[in-house]
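Note on naming: letters A, B, ... go to the chains in the order of the sequence lines (proteins, then strands), and numbering restarts at 1 for each one.
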Amino acid sequence: MQDKYHPATIESAAQKFWAEARSFEVTEDADRPKYYCLSMFPYPSGKLHMGHVRNYTIGDVISRMYRMRGYNVMQPMGWDAFGMPAENAAIQHNVPPAQWTYANIDYMRAQLKRLGFGIDWSRELATCAPDYYRWEQWLFTRLYAKGLIYKKAGTVNWDPVDETVLANEQVIDGRGWRSGALIEKREIPMYYMKITAYADELLAALDDLPGWPEQVKLMQKNWIGRSEGVEIHFPYDLETIGAAGVLKVFTTRADTLMGATYVAVAAEHPLALQAAQDNPALAAFIAECQHGSVAEADLAAMEKKGMDTGLRVVHPISGEFLPVWVANYVLMGYGEGAVMAVPAHDERDFAFAQGYGLPIVPVIAPGEWGQAVDTASSVFNDASAKLSAGAPILVGASATEALAWSHWQDVFAEHGKLVNSGKYDGLRSMEAVDAIATDLAAKGLGEKRVQYRLRDWGISRQRYWGCPIPMVHCDHCGDVPVPDAQLPVVLPENVEITGHGSPLARMPEFYDCTCPACGRPARRETDTMDTFVESSWYFLRYACANNAEAMLDARANHWAPVDQYVGGIEHAILHLLYSRFFTRAMRDEGLTEVSEPFTNLLTQGMVIADTYYRESGDGKKQWINPADVDVARDDKGRVTAATLRADGQPVVIGGTEKMSKSKNNGVDPQALVDQYGADTARFFIIFTSPPEQQLEWSDSGVEGAHRFLRRVWAFAHRFATEIRPALPAQRAATLPGALADVRRELHSHLKQANYDLGKHQFNTVASATMKMLNALEKAPADAPAAHAQLVEEGLAILLRVLAPITPHIAHALWREGGFGDDILDAGWPEVDEAALVQDEIELVLQINGKLRGSLTVAADAPREAIEKAALAHEAAVKFMDGKPARKVVVVPGRLVNVVC
RNA sequence: GCCCGGAUGGUGAAAUCGGUAGACACAAGAGACUUAAAAUCUCUCGGCCUUUGGCUGUGCGGGUUCGAUUCCCGCUCCGGGCACCA
């Protein structure tokens, strides 16, 4: 045995052992419970970054722990290989996206292998391979036939200079990131998946996911956004609109209907377009609304603007005319593209009404005013209460409860009692909704219904590096799905990427085709699918990745669902929701038996790092990697200045953000692995923070992790060479006092480690292994046989707890220590509860809640004895200062608090 | 703007059901060993004070409780998501 720890040698030897033994290649096994442990597959961006190392180390710790506990563990890996960065790289470096992607995959696969993850590489898949995406195309045609995929217009970011569609990420301050051109919204036809058909199921099933973090379930619940409300129809005013019809809106606050003072429609709404025809100012306003990104975050941050169309609709209850406004905050994609505005009870409407001088009519006395509202004498019942914006009105029941409606207060949005609402006065909000819905239904002008915030999933992308949408457009037959026999529609790999327009739309050799239905010349669809589609079913494909005949087979039902899914919290909504939907869509196609793809979810906190950039002349940001930057700090450690190492000139300090390719703040783990080895990198990233917590990257502390592994090696070496020979032929049943204490400490650390493993708090598991070594190192050796017996047991525990985190060193020392051939088959260590028993325990003594001392009592001491001992304690006498004890709180096993 | 999180020493963090705040480490300082350095080992290490003791301290302001890092109310700052980054 080497007396020094040489990670490079032992790590390559262990990896060779696993490869030759095929330790991680698994098949279905009826004798062992299956455990499917999956980490989110990476986008092959070039190199692994710390977020990957963290993600895959966490997944590997769980996998190896279950493996050691006797489960048949499948841990696969693959590549989320389609996506925008490959096209950007193609533009920048003039290398075809396919070539760039495959080269990255090769490099990153080698990095993953170097880190020693227990992956079944026989199941590896890449989503950009035709034998993967052909099944996606096949399923597309099935779902299309079923009506679960359909076509409608969608809004995109259009760059008029590059004549291309941009992702939201590529629009910065309303301009194209490459061209700098002002971005326009443009409506184009797109394919949509009807995820809303599953909205109720996706929502209800969240209640049956105890293995998911509450936080994620809450985010998904809010995202789906089920709301019960009333659809209200406002009949067109014939005089101004010139045609019969109704304007439909949905509201959850039908109780405020009598306070509606205008309606607002989206800029793309038919009424807005109609009014703009003979109103140049309105047309100009609508054109202005067309500028800027389609991202909701941008829209929500915009100043609320609007314009009167001059059109009017009729209030369905009062019969009064309400003006129709165009407002930039109303989105055509949501509901009906129109809202009723009740400025008195909605903050956004309130601000809008104040800005444009629209009437504000209070119709709800806020809930907290309760019974005190005297509607008879209230100004609510006075017609003059319809005040213009800005004019203060005093409302309320009592002299002490006066509110001015000139400034928004959150209480205005609360439910309460109706006032100023004619026949509905005095009703509570909920009663009023019922009454108003009933009256509207009787008039045929509305009814109760459920609405979701969730929108259908637009999957068309006007990009090259994605899965081609298997459709053909024929002048005679319309949109025709590509028949099974002609699948896959293969994406051509030798293509020129310029950043202008869609490459496939410039390739007649791709789009020229014949109609599968009538045989006449036709045009192939040139849009590709959203890359979220590939990642919505890869976890099922892993089970049968080598099946060339079908998308899934019986093996998928053996392995699914994923028992433990590990991935970044940033995927809490989109990826996870799409996957839950897609699994159900596949279930309903008879492809899988499961509905819920991921039984347990661990959302890893992101690894974040500082960002640095320089602005070039045209205002574009060049992001600079932190590794190339020198920083100056003040005495509190805050970064005050940063310079580029290459030229010594200053760079701009950006925020601290998740490591990403686009912000160039990823830290490559390779240097760490090269210098210290994979085990140190793994131990460090596990030790430094609990998995769910965000981790601000810093490599200070890596030394300590490495030092610990060196100590483990040195101690095991001492065991193998000096201590082991002293082992007694017969192991003793009990150990002498001091060694029994060490043994108790050991087993209590093991117990703690098991508890922490159960809640995935791996950082304290790593701490526990350090505490175990500390305890073993200080165990007295004056009784050599007993000492050797303790160290043998202790080391066997320590190495097995360490094995999931640092598998290479554990593998090597398990063999060197003579414990066995393969620690993977050694089983998980068991806590000896008998070793934990103590005769005496120490209690903390508090006087009036303050720590004043401690007392040692028998473990089974009765409460009276503890109280008596506490009151007799010297610290108690001193701090009670002669006062009688008013109360004595005894927390068994913990403390005594004397209150006086 | 909306939804979801987070904040504890110089640093990463721990504290299982409301019960000793700072386990385990990093950094720093002092010492031992050494010709020297590295490595290793030992000790100190939240702040303040009148230092065998006491006061104070878990982002800020309130509250509940014998007792609050933990529960409640109101803020601040930081991070994630917002449907075309993945």
Side-chain angles (χ1 to χ4, degrees), chain A residues 40 42-43 45 80 83-85 154 156-157 165-171 213-216 218-219 221-223 225 294-302 304 329 333 347-348 454-463 530-532 535 568-575 577-578 603 605-606 608 635-637 655-658 660-663 684 687-690 692-696 698 700-705 707-708 710-711 714 752 755-756 758-759 761 763-764 766-771 774 842-846 848-851 854 886-889 891 894-900:
Chain A
M40 290 180 184
Y43 178 79
S45 56
D80 189 14
M84 236 174 32
V156 296
N157 301 305
V165 175
L166 296 184
N168 286 332
E169 187 191 50
Q170 298 172 311
V171 180
E214 288 304 321
Q215 167 200 6
V216 174
L218 188 56
M219 280 194 263
K221 180 174 184 247
N222 291 339
W223 185 263
V294 299
E296 193 198 305
D298 296 336
L299 295 171
M302 270 181 345
K304 309 288 174 284
Y329 64 83
E347 186 169 9
R348 194 169 57 178
L454 181 69
R455 310 192 307 252
D456 278 339
W457 175 15
I459 56 166
S460 295
R461 298 291 179 269
Q462 298 68 44
R463 278 187 235 300
D530 181 1
T531 57
F532 272 124
S535 56
I569 182 69
E570 69 270 29
H571 296 293
I573 296 174
L574 292 180
H575 162 60
L577 190 61
Y578 289 148
T603 46
M606 272 156 299
I608 60 175
D635 53 3
K636 294 213 172 69
T656 307
E657 297 182 55
K658 73 167 171 174
S660 71
K661 186 141 188 91
S662 59
K663 295 284 168 68
F684 173 64
F687 175 73
T688 197
S689 190
E692 306 217 312
Q693 193 163 308
Q694 164 172 295
L695 170 62
E696 197 168 329
S698 153
S700 73
V702 173
E703 282 283 357
R707 194 176 302 150
F708 169 65
R710 274 205 308 262
R711 273 174 59 205
Q752 183 67 45
Y755 178 82
D756 291 345
K759 56 176 184 165
Q761 190 173 291
N763 57 323
T764 49
S767 293
T769 64
M770 292 174 138
K771 291 175 185 175
N774 288 347
E842 195 175 83
L843 297 182
V844 159
L845 175 63
Q846 293 184 341
N848 288 328
K850 291 198 176 179
L851 177 68
S854 67
R886 286 194 290 123
K887 186 174 176 185
V888 181
V889 182
V891 182
R894 291 248 176 215
L895 62 69
V896 188
N897 185 17
V898 180
V899 185
C900 62

Atom pairs under 3.5 Å: protein N/O with N/O of nucleotides 17-20 of chain B:
residue : atom : partner  : partner atom : Å
B:G19   : N2   : A:Asn897 : ND2          : 3.4

Each nucleotide of nucleotides 39-51 of chain B classed B (base within 4.0 Å of a protein heavy atom), S (only sugar-phosphate) or -, in 5' to 3' order, makes SSS----------

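- Partners of A:Asp756 according to the side chain to side chain donor-acceptor pair (under 3.5 Å) rule, which considers only residues two or more places apart in sequence or in another chain, are A:Gln752, A:Thr764.
- Distances were taken from every side-chain heavy atom of A:Tyr43 (C-beta onward) to each of B:C82, B:G12, B:A86; the shortest belongs to B:A86.
- Counting non-hydrogen atoms under 4.0 angstrom, A:Phe532 reaches a base of the nucleic acid.
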Which atoms of nucleotides 52-55 of chain B (N or O only) lie under 3.5 Å from a protein N or O atom, and what are those distances?
residue : atom : partner  : partner atom : Å
B:C55   : OP1  : A:Arg852 : NH2          : 3.3
B:C55   : OP2  : A:Arg852 : NH1          : 3.3

What protein N or O atoms touch nucleotides 78-81 of chain B N or O atoms at under 3.5 angstrom, if any, and at what distances?
residue : atom : partner  : partner atom : Å
B:G79   : O2'  : A:Gln694 : OE1          : 2.4
B:G80   : OP1  : A:Lys658 : N            : 3.3
B:G81   : OP1  : A:Lys658 : NZ           : 2.9

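- Under the side chain to side chain contact (heavy atoms under 4.5 Å, CB included) criterion, A:Lys850 pairs with A:Arg852, sequence neighbours left out.
- A search for salt bridge (Lys or Arg N to Asp or Glu O under 4.0 Å) contacts involving A:Glu657 returns A:Lys663, not counting sequence neighbours.
- No contact: A:Glu214 has no heavy atom under 4.0 Å from any strand.
- For A:Asn848, there are no side chain to side chain donor-acceptor pair (under 3.5 Å) partners at least two apart in sequence or on another chain.
- Applying the side chain to side chain contact (heavy atoms under 4.5 Å, CB included) criterion to A:Ala167, with sequence neighbours excluded, gives A:Met84, A:Gln170, A:Arg463.
- The shortest distance between side-chain heavy atoms of A:Asn897 and A:Val891 does not fall below 4.5 Å.
- For A:Glu169, the side chain to side chain donor-acceptor pair (under 3.5 Å) criterion is met by A:Ser662, not counting sequence neighbours.
- For A:Glu842, the side chain to side chain donor-acceptor pair (under 3.5 Å) criterion is met by no residue, not counting sequence neighbours.
- An OP1 or OP2 oxygen of B:C24 is reached within less than 4.0 angstrom by no side-chain nitrogen or oxygen of A:Asn763.
- In RNA chain B, runs of at least 3 consecutive Watson-Crick or G-U pairs, each pair with both distances below 3.5 Å, span B:1-7 with B:76-82, B:10-12 with B:24-26, B:28-32 with B:40-44, B:46-49 with B:53-56, B:59-63 with B:71-75.
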